[in-house]
2 protein chains.
Amino acid sequence: METLRERKKARTRDALLHAALELFTTKGYEQTTVDEIAEVVDVSQRTFFRYFASKEEAAFFVPRLTETHFVEAVRARPPHEAPLEALRRAVLESWDTINEAIQQVVPLELHMRTYRVIESTPALLAAHLRRSMELEEELARIVAGREGLDVDTDHRPRLVVAVFGGVMRVVERMWIAGDDLSIEAMRELTAAHLDGVGPALAGNWRASQSY
Amino acid sequence: METLRERKKARTRDALLHAALELFTTKGYEQTTVDEIAEVVDVSQRTFFRYFASKEEAAFFVPRLTETHFVEAVRARPPHEAPLEALRRAVLESWDTINEAIQQVVPLELHMRTYRVIESTPALLAAHLRRSMELEEELARIVAGREGLDVDTDHRPRLVVAVFGGVMRVVERMWIAGDDLSIEAMRELTAAHLDGVGPALAGNWRASQSY
DNA sequence: AGGCTAATGTCAGCCGCTGACAGTTGACAA
DNA sequence: TTGTCAACTGTCAGCGGCTGACATTAGCCT
């Protein structure tokens, strides 16, 4: 059974998150002060920083959820799949199942708008890229593990992951720039672009020699 | 002939830059306050911000020089070279000629140490990655221009550039992590790694079909 | 009911950064 | 050389993100 205190905390956090994203997407990230966010929820500014380590963290709360969701999907892939194939299936699969997880926290449409803000706000874009880099490092280790390789001596895991990450970033930008902000549109873009690079890199590593 | 006023300005800027980098590399970027930097040079904090738009900008002053140097080297490459080949030659070439340009502003060794700070300071790393992304966009357009392609319809320019950028970032990290901080070491790492990926992507585009 | 602890508010303060205004110093012509 | 103009600088006041310390409130548990 969930205690009252816990429910209250969850409600405050959700309210803060919702207020923050709503303000970010309407008046812009930089134009929004933490005081404003706190005022909407009617708590002190100090309380905001007890829930979120920084203003930035509020913007990235949902993206963090989708990340862990995706990484788990990658780990769950059968080991016989080629690396890029496993990554590909994991993204597409997680796109399908992430919706409900997101919507329990924030309206999907608000999340979409937030992505646009992230991409168009220099400070947030920078943070996003750094996080992507950390994610790629994690993925490289997973891929290396699947293939029985050492990520420090064999560079191929990092290479595929880098290519994969590069494609995903391009897809993100196209999705955000386009009109259709639906998950289906994202699915299609992802599939099409990954199919494009696939042939160039999806060879059977275990049989081929390294470079 | 250079006026006294201009010389004074240049001297102040150099002093601020030097003091900033020296402090960043000894006590760390976050631990260094702008007041401290200004105090070393014996100017007001306000003056610092008249020379550098932000504390960050001081850290990236020299990197910005090397960037423009490199981009110009790429533009100068003969158009018959394949894209990746042109990029490869441009980096290696600019490594050789950038030294003097740097040393006119800051001791080379201080610049090296600064790179380590950038890579190990989250906020700086994030800014560095964002700048890399902007640079890749510029390079993609240059490559597309050379090949007579439209960067918005044909994704191959962005792909090579992304791969190139990915390799360069890996090389940067290895160089910084290693003991040999010389330009020669950087040259070797760059050459070796680019030779590795080359074969996989250096085909003759104009003859081959797009995917 | 009352003690314990988690959650919150308040306050003071640091740091990055900016606008406004005044004072100083170099440039340049009369 | 001197006086005028423009550039450079210092000072000050203030905003916004963020933090530590301490007091207060509110839920939990016996």
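We use all heavy atoms of the structure for the numbers below, so side chains are in, but hydrogens, waters and symmetry mates are not. Note on naming: letters A, B, ... go to the chains in the order of the sequence lines (proteins, then strands), and numbering restarts at 1 for each one. Predicted model, so just to flag it, every value in this text is computed and none were measured.
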Requested in this report: Could you state the atom-to-atom distance from CD of B/Glu56 to C1' of C/dC15 in whole Å?
Outcome: 15 Å
**Report entry** Closest non-hydrogen atom pair, A/Ala86 against A/Arg146
**Finding:** CB-NH2, 3.4 Å
Report task. Rounded off to whole Å, could you give me the CD-to-C1' distance for the A/Glu6 and C/dA6 pair? Result -> 11 Å
Query raised in the report: With a 4.0 Å cut-off, would you call B/Glu184 and B/Arg187 a salt bridge?
Result: no
Query raised in the report: To the nearest angstrom, how far is A/Phe49 atom CZ from D/dT19 atom P?
Result: 7 Å
Query raised in the report: Which atom names give the shortest non-hydrogen contact between B/Lys55 and B/Thr32, and what distance separates them?
Result: NZ-O, 2.7 Å
**Report entry** Nearest-Å distance for atom pair CG/P, residues A/Asp35 and D/dT19
**Finding:** 14 Å
Requested in this report: Considering only NZ, NE, NH1 and NH2 on the basic side and carboxylate oxygens on the acidic side, decide whether B/Glu172 and B/Arg169 come within less than 4.0 Å.
Outcome: no
Query raised in the report: Could you state the CD1-C1' distance from A/Ile37 to D/dG16, rounded to the nearest angstrom?
Result: 12 Å
**Report entry** d(CZ, B/Phe24; C1', C/dC15) in whole Å
**Finding:** 13 Å
Report summary line: Whether each nucleotide of nucleotides 4-14 of chain D has a protein heavy atom under 4.0 Å at its base (B), only at its sugar-phosphate (S) or at neither (-) is summarised, 5' to 3', as --BBSBBB---
Query raised in the report: Is it true that the side chains of A/Ser182 and A/Asp180 contain a donor and an acceptor less than 3.5 Å apart?
Result: yes
Report summary line: Correct closest heavy-atom pair for A/Thr97 and A/Glu100 would be O-CG, 3.4 Å
Query raised in the report: Over how many whole Å does the gap from A/Lys55 atom NZ to C/dC15 atom C1' extend?
Result: 16 Å
Query raised in the report: Around atom CD of B/Glu39, are there more than 12 heavy atoms of other residues, nucleotides or ligands at under 6.0 Å?
Result: no
Query raised in the report: the helix from C/dA1-D/dT30 to C/dA30-D/dT1: angle between its terminal axes, five pairs each, to 10°?
Result: 0°
Query raised in the report: Rounded to the nearest Å, what distance is computed from the CD atom of residue A/Glu39 to the C1' atom of nucleotide C/dT10?
Result: 16 Å
**Report entry** A/Arg158 side chain vs A/Val151 backbone, donor-acceptor pair below 3.5 Å
**Finding:** yes
Query raised in the report: Is B/Arg173 atom CZ crowded by more than 12 heavy atoms from other residues, nucleotides or ligands, each under 6.0 Å away?
Result: no
